[in-house]
Engineer: 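First the structure, which I've put down as structure tokens, then a few questions once you've had a look.
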Amino acid sequence: MAISKPIYSLFGSYLEQLFNHPLRTKSLTACCLATSANVTAQRLAGAKKLNQQSLFAYGLFGLIFGGSVPHYFYQTMERLFSSDFRFRKFFIFLFERFGYAPLYQLLSLYFLSIFEGNSHSTAVKNLEKLYWPVLRANWQYLSLFVYLNIAYVPAMFRSISMGIISFIWVVFLAQKRRRFQEKQAAANSK
């Protein structure tokens with residue numbers, strides 16, 4: 001029980017920050033989750049030394065977009081679909097899957113490439129190759145989790161719970177991008 005008191009205190013402080021400063025708290029949380037997911041992906045790939053540029057790109061993306069974009073998306077959905085709207089959660093789910101997810105995947109693939117120091121043309125080429133496979137995988141593997149998030153998680157915690165789900169997704173995305181970059185490097189060296 002002695003260990004649980006600091007954990008409850010930390011969790012209480014986090015909830016207080018989430019209530020008082022939601023955007024800042026969600027952005028910092030997304031930054032930490034994206035960076036740690038990238039570390040996990042690199043370690044799973046067997047990297048002896050971490051790619052600092054990739055860590056920076058994922059952390060920066062999480063800080064700038066990972067907290068703010070979901071925050072404003074869920075806030076807007078709560079306003080658009082009032083609580084007395086019939087099939088409210090289903091429509092939010094559909095809008096998330098077919099409106100938000102495609103745009104967010106486009107944003108993430110492009111800006112991760114830019115933040116890693118690639119040019120606009122390289123980022124667009126990477127986007128062209130990776131966008132559809134990544135989006136299909138997102139729809140295929142994350143739709144159930146997104147629905148559960150929308151249906152059962154209170155609005156204040158939705159972007160945080162999606163951040164935790166996104167941890168696994170970022171590991172997948174980082175590995176997919178790494179394999180693509182290795183193929184590209186191999187093709188360029190021939």
Engineer: Calculate, to the nearest 0.5 Å, the distance between atoms CD and NZ belonging to Gln42 and Lys48 respectively.
Structural biologist: 13.5 Å
Engineer: Identify the two heavy atoms, one from Ser113 and one from Asn118, that lie closest to each other, and give their separation to 0.1 Å.
Structural biologist: OG-ND2, 2.9 Å
Engineer: To check you understand the geometry: which heavy-atom pair defines the closest contact between Thr25 and Leu18, and what is its length?
Structural biologist: OG1-N, 3.7 Å
Engineer: Linking I/L/V/M/F/W/Y whenever their side-chain heavy atoms sit closer than 4.5 Å, directly or via other members, would Tyr72 and Phe91 fall into one cluster?
Structural biologist: no
Engineer: With rounding to the nearest 0.5 Å, note down the distance linking CG in Leu112 to CG in Leu107.
Structural biologist: 9.0 Å
Engineer: Is Ser108 reaching over with its side chain to a backbone N or O of Gln105, donor-acceptor style, under 3.5 angstrom?
Structural biologist: yes
Engineer: Under a single-linkage definition using a 4.5 Å side-chain heavy-atom cutoff for Ile, Leu, Val, Met, Phe, Trp and Tyr, are Leu94 and Tyr147 assigned to the same hydrophobic cluster?
Structural biologist: yes
Engineer: Using every non-hydrogen atom in the two residues, find where Thr35 and Tyr58 come nearest and quote the distance to one decimal.
Structural biologist: OG1-C, 4.5 Å
Engineer: Between Tyr74 and Tyr100, how do the two ring planes meet: parallel, tilted or perpendicular, split at 30° and 60°?
Structural biologist: tilted
Engineer: Under the 3.5 angstrom rule, does the side chain of Ser161 hit a backbone N or O of Asn149 as a donor-acceptor pair?
Structural biologist: no
Engineer: So, taking the atom named CH2 in Trp169 and the one named OH in Tyr141, what distance separates them when rounded to the nearest 0.5 Å?
Structural biologist: 8.5 Å
Engineer: With a 4.5 Å limit on heavy-atom distance, are the side chains of Lys26 and Pro70 in contact?
Structural biologist: no
Engineer: Quick one: do Leu28 and Phe19 end up in the same hydrophobic cluster if we chain Ile, Leu, Val, Met, Phe, Trp and Tyr together by side-chain heavy atoms under 4.5 Å apart?
Structural biologist: no
Engineer: Atom CD of Glu116 and atom CD of Gln52: how far apart are they, to the nearest 0.5 Å?
Structural biologist: 12.5 Å
Engineer: On the 0 to 90° scale, with breaks at 30° and 60°, tag the Phe111-Phe65 ring pair as parallel, tilted or perpendicular.
Structural biologist: tilted
Engineer: Would you confirm whether Ser143, through its side chain, and Gln140, through its main-chain N or O, come within 3.5 Å as a donor-acceptor pair?
Structural biologist: no
Engineer: Any link between Leu60 and Val39 through a network of hydrophobic side chains (Ile, Leu, Val, Met, Phe, Trp, Tyr) touching at under 4.5 Å?
Structural biologist: no
Engineer: Starting at CD1 of Ile114, measure out to CG of Leu127 and round the result to the nearest 0.5 Å.
Structural biologist: 10.0 Å
Engineer: Can you name the residues that form a side-chain hydrogen bond (donor to acceptor under 3.5 Å, both in side chains) with Ser119, not counting sequence neighbours?
Structural biologist: Ser121, Thr122
Engineer: Just so I know, are the side chains of Ile168 and Phe145 near enough to count as touching, which here means a heavy-atom distance under 4.5 Å?
Structural biologist: no
Engineer: Of all heavy-atom pairs between Leu23 and Ser68, which one has the smallest distance, and what is that distance?
Structural biologist: CD1-CA, 3.4 Å
Engineer: Using every non-hydrogen atom in the two residues, find where Ala101 and Trp139 come nearest and quote the distance to one decimal.
Structural biologist: CB-NE1, 4.2 Å
Engineer: With clusters defined by side-chain heavy atoms of hydrophobic residues (ILVMFWY) lying less than 4.5 Å apart, directly or transitively, does Leu103 cluster with Ile165?
Structural biologist: no
Engineer: Just how far is it from atom CD of Gln75 to atom CG of Leu80, taken to the nearest 0.5 Å?
Structural biologist: 11.5 Å
Engineer: Quick one: closest heavy-atom pair of Gly62 and Ala34, and the distance?
Structural biologist: CA-CB, 4.3 Å
Engineer: Using only atom types and a distance under 3.5 Å, with no angle test, would you say the side chain of Tyr104 pairs donor to acceptor with the backbone of Glu96?
Structural biologist: no
Engineer: Taking CZ in Phe90 as the centre, count heavy atoms belonging to other residues, nucleotides or ligands within less than 6.0 Å. Is the count above 12?
Structural biologist: no
